[in-house]
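Read the structure below first, then the notes.
Model, not experiment: these values are computed from the prediction. Quick note on labels: first sequence line is chain A, next is B, and so on, each numbered from 1. All heavy atoms count here, side chains included; hydrogens, waters and symmetry mates do not.
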Amino acid sequence: MDYKAVEILENEIRLRDVESFHPKHIFECGQCFRWNRIHEEDETRFQGIVHGKVIRVHLRGQDVHLENVNMEEFNSFYKEYFDLGRDYDKVKKELRKDPLLNEAVKFGYGIRVLNQEPFETLISFILSSNNLIPKIKEGIRKISEKYGKEIVFHGETFYAFPTPQELSQATEEELRGLGVGYRAKYIYETTQAVRGAELMKEAEKTRALTEEEKQLLPYDLSMIAQLPEEACHKALQSYSGVGAKVADCVMLFSMKKKEAFPVDVWVKKAMMHFYGAEGTNLPKIRAFGQKQFGGLAGIAQQYLFYYAREKKIRVE
DNA sequence: ATCCAGGTCCCAG
DNA sequence: CTGGGACATGGA
């Protein structure tokens, strides 16, 4: 456990003596898109929209404060969301046995890989393809504002990311109007597939499905989340707009598959920088990463990504 | 203005 | 199976 105790304060909880938890590292390492720094200068205070609530996180000394979270919510959701069941000192110790990874781990020492919600993560990373992080965040915010539930926090209005049912109301044209470009088609088709499977799963309880209806069942996202590594990776790629990299991100960031190893331009640069993995293509780098880091490959990837992007490392 | 961004799709060989 | 171009969008 990376904290000693949980205490209740007024409308917030406090985790005492927390190890391996730095808000800047966690929220700026590229794994999530709905968190923002609230005060300029303050790298330890962030606000995010998670699980239908607006919450804030800040670091005070060795303690982590979670504002607008009560004990019940912490135990039933946010503890897992922040991956607090995992001992990151142990993870880092293991990864640092590889001297080449040592520098990246030292740099992003406060990273934790969040356990986010699958549908939101799926749509978010479809949006991420060939896109810029500020634009990805903007697209997700606009989708939420148009289709998600309203949340009022401190007199200000925010919007939760829509459920599959809510987003299934959107047309492709409407989505395109939000500035997501050619990804509108992918988001539309994937949402329809996820929602279609949900409906069939529900219908299945009361009647027999037709052959045509049965073909929608493989798109059941909660079923896919239960699949083992390779089957999960493959199943995710049956959604429109989801290739190897996006599938790895969804598995890693929302399905607890820490052996997933997303390879994007930055991780590729990092692998070339540290391991001289020159010229090799993406699938080869992915396989190399998984062989090198095993069940912790995804976490290793996050240290590498953060290091490569923050340092803007270059390779010839 | 041209290039590029946490890639995917689609087609040719 | 592998390599290369097209694809919306907008900021640098």
Side-chain angles (χ1 to χ4, degrees), chain A residues 25-35 104 107-108 111 113-114 116 120-143 170-193 219 230 233-255 257-258 260-274 277-289 297-315:
Chain A
H25 298 176
I26 293 172
F27 303 124
E28 293 184 351
C29 72
Q31 61 178 324
C32 53
F33 303 104
R34 302 220 76 198
W35 283 90
F107 181 73
I111 286 176
V113 176
L114 300 172
Q116 305 181 63
E120 174 173 347
T121 307
L122 177 61
I123 300 301
S124 297
F125 280 92
I126 286 174
L127 232 169
S128 80
S129 73
N130 197 25
N131 208 346
L132 298 145
I133 289 181
K135 286 206 66 186
I136 300 165
K137 293 175 82 167
E138 185 190 8
I140 294 167
R141 180 177 55 75
K142 285 182 174 173
I143 287 172
T171 65
E172 185 182 329
E173 293 68 31
E174 277 173 6
L175 289 168
R176 189 172 281 265
L178 300 180
V180 301
Y182 63 88
R183 304 167 197 86
K185 182 175 194 278
Y186 302 155
I187 294 171
Y188 173 78
E189 291 176 349
T190 294
T191 299
Q192 293 302 318
Y219 296 97
E230 271 309 308
H233 191 243
K234 202 173 166 193
L236 283 168
Q237 292 180 68
S238 64
Y239 291 117
S240 174
V242 180
K245 190 271 178 182
V246 170
D248 272 323
C249 285
V250 174
M251 289 169 63
L252 175 59
F253 299 137
S254 74
M255 296 176 174
K257 307 275 194 273
K258 304 307 181 196
F261 194 76
V263 181
D264 68 335
V265 292
W266 290 110
V267 171
K268 185 180 178 184
K269 284 178 192 172
M271 294 301 279
M272 289 165 79
H273 176 76
F274 288 116
E278 207 172 314
T280 49
N281 59 21
L282 268 37
K284 278 180 184 162
I285 295 178
R286 176 176 192 268
F288 177 74
I299 304 179
Q301 176 273 165
Q302 209 53 39
Y303 292 113
L304 289 169
F305 175 81
Y306 184 59
Y307 182 89
R309 196 167 71 92
E310 292 291 313
K311 299 258 187 187
K312 303 188 196 308
I313 65 171
R314 295 199 147 281
V315 283

DNA chain B: 5'-proximal contact among Ser240(A) and Ile133(A) (nearest heavy atom): Ile133(A)
Using 30° and 60° as the class boundaries, would you call the ring planes of Tyr307(A) and Phe107(A) parallel, tilted or perpendicular? perpendicular
Find the distance Ile187(A):CD1 to dT8(B):C1' and express it as a whole number of Å. 13 Å
Take atom OH of Tyr182(A) and atom P of dG5(C), then tell me their distance rounded to the nearest Å. 16 Å
I need the CD1-P distance between Ile136(A) and dT8(B), as an integer number of Å. 12 Å
With distance as the sole criterion, do the side chain of Tyr306(A) and the base of dG6(B) form a donor-acceptor contact below 3.5 Å? no
Aromatic plane relationship, His25(A) with Tyr306(A) - under 30° parallel, 30 to 60° tilted, over 60° perpendicular: tilted
Using whole Å, what does the distance between atom C1' of nucleotide dG7(B) and atom CG of Leu122(A) come to? 14 Å
Map Tyr239(A) and Phe305(A) onto DNA chain B by nearest heavy atom, then report which one ends up closer to the 5' terminus. Phe305(A)
How far apart are the C-alpha atoms of Met255(A) and Leu236(A), what are their side-chain angles, what is the distance that settles it, and do they pass the side-chain contact (heavy atoms from CB on, under 4.5 Å) test? CA-CA 11 Å; Met255(A) 296 176 174; Leu236(A) 283 168; 4.2 Å; yes
Expected output: side-chain His233(A) to main-chain Ala244(A) donor-acceptor under 3.5 Å: yes
With P as the reference atom in both, quote the distance from dG3(C) to dG6(B) in angstrom, rounded to an integer. 23 Å
Where do N or O atoms of nucleotides 10-12 of chain C meet protein N or O atoms at under 3.5 Å, pair by pair?
none

Give one of base, sugar-phosphate or nothing for Ala244(A), where a contact means two heavy atoms less than 4.0 Å apart. sugar-phosphate
Option from Leu114(A), Val267(A), Val113(A), Ile26(A) for which side chain to side chain contact (heavy atoms under 4.5 Å, CB included) with Gln302(A) holds: Val113(A)
Donor-acceptor pair, Glu28(A) side chain versus Glu310(A) backbone, under 3.5 Å? no
Name the nucleic acid region contacted by Cys32(A), choosing base, sugar-phosphate or nothing; use a 4.0 angstrom heavy-atom cut-off, strictly under. nothing
Out of Thr190(A), Ile136(A), Thr191(A), which residue meets the side chain to side chain contact (heavy atoms under 4.5 Å, CB included) rule with Ile126(A)? Thr190(A)
Give the rounded distance in Å between these two atoms: NZ of Lys311(A) and C1' of dG6(B). 20 Å
Pairwise P distance, dC11(B) and dA8(C) [rounded to whole Å]: 15 Å
side-chain contact (heavy atoms from CB on, under 4.5 Å) between Leu252(A) and Lys257(A), intermediate numbers included: CA-CA 5 Å; Leu252(A) 175 59; Lys257(A) 307 275 194 273; 6.0 Å; no
Counter-base of dG6(B), judged by Watson-Crick or G-U geometry with both distances under 3.5 Å: none
State which of dA5(B), dT8(B), dG6(B) makes the closest approach to the side chain of Val246(A). dT8(B)
With a 4.0 Å cut-off on heavy atoms, is Val267(A) in touch with a base, just the backbone sugar-phosphate, or nothing at all? base
Distance check needed: dG7(B) C1' versus Asp248(A) CG, whole Å only. 13 Å
For Gly241(A), which contact category applies under a 4.0 Å heavy-atom criterion: base, sugar-phosphate, or nothing? sugar-phosphate
What is the nucleic acid contact for Gln237(A), judged by heavy atoms within less than 4.0 Å: base, sugar-phosphate only, or nothing? nothing
Per atom distances to the Phe33(A) side chain, the nearest of dG6(B), dT8(B), dC7(C) is dG6(B)
Roughly how many Å is it from CG in Leu127(A) to P in dA8(C), rounded to a whole number? 15 Å
Are the charged groups of Arg286(A) and Glu230(A) less than 4.0 angstrom apart, N to O? yes
Ignoring the backbone of Arg176(A), work out which of dG3(C), dA8(C), dG6(B) is nearest its side chain. dA8(C)
Do we count Phe125(A) as stacking onto dG6(B) if the rule is ring centres under 5.5 Å and planes under 30°? no
So does Asn131(A) get a side-chain nitrogen or oxygen closer than 4.0 Å to the phosphate oxygens (OP1/OP2) of dG7(B)? no
Round to the nearest Å and state the distance from Gln301(A) atom CD to dG6(B) atom P. 13 Å
